[in-house]
Amino acid sequence: MLGEWLGTGTVVAVCVVVVIFGALRRKMEWLLNVLMRGILGVIAMYFINQALAEAGFSLGVGINPITVLTSGILGLPGLAALYGIGIYKFL
């Protein structure tokens, strides 16, 4: 009787460990994706701000944690939204 419970408990424990590792893998993949989009967003903001400054516009979006998180979570649409808000303030 004890052997059956031990075998069943072992199988259940292995299944739980596999599910936990799968969830962590997905979460790590998501975090890496947000990190990469954030880095690319900062690079894009820098070059867009430089191009706007050379063109004579003072529309530059500041590079700070909020703008980095916005571009990191939303990606290109978030970057467009940041500059859209800047244009709206400019008008």
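Model, not experiment: these values are computed from the prediction.
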Engineer: Report whether L82 and L69 are members of the same hydrophobic cluster (ILVMFWY, side-chain heavy atoms less than 4.5 Å apart, transitive linking).
Structural biologist: no
Engineer: How many angstroms lie between atom CD1 of I63 and atom CD1 of I43, to the nearest 0.5 angstrom?
Structural biologist: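 Spacing of CD1 (I63) from CD1 (I43) equals 9.5 Å.
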Engineer: May I ask whether L40 and V61 are part of the same hydrophobic cluster, defined by side-chain heavy atoms of I, L, V, M, F, W, Y residues being less than 4.5 angstrom apart, directly or through others?
Structural biologist: no
Engineer: State which residues pass side chain to side chain contact (heavy atoms under 4.5 Å, CB included) with I73; sequence neighbours excluded, sorted by chain then number.
Structural biologist: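 For I73 the side chain to side chain contact (heavy atoms under 4.5 Å, CB included) partners, ignoring immediate neighbours, are V34.
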Engineer: Using the rule that Ile, Leu, Val, Met, Phe, Trp and Tyr join whenever any side-chain heavy atoms are under 4.5 Å apart, tell me whether I66 and L74 fall into a single cluster.
Structural biologist: no
Engineer: Kindly state each residue pair satisfying side chain to side chain donor-acceptor pair (under 3.5 Å) with at least one member in residues 64-89, sequence neighbours excluded.
Structural biologist: N49-Y83, N64-T67
Engineer: Are V68 and I85 grouped together when hydrophobic residues (ILVMFWY) are joined by side-chain heavy atoms under 4.5 angstrom apart?
Structural biologist: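 No, because V68 and I85 fall into different hydrophobic clusters, even though each may have its own neighbours under 4.5 Å.
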Engineer: May I ask whether L79 and F57 are part of the same hydrophobic cluster, defined by side-chain heavy atoms of I, L, V, M, F, W, Y residues being less than 4.5 angstrom apart, directly or through others?
Structural biologist: yes
Engineer: Not counting sequence neighbours, list each pair that qualifies as a side chain to side chain donor-acceptor pair (under 3.5 Å) and has a residue in residues 35-46.
Structural biologist: none
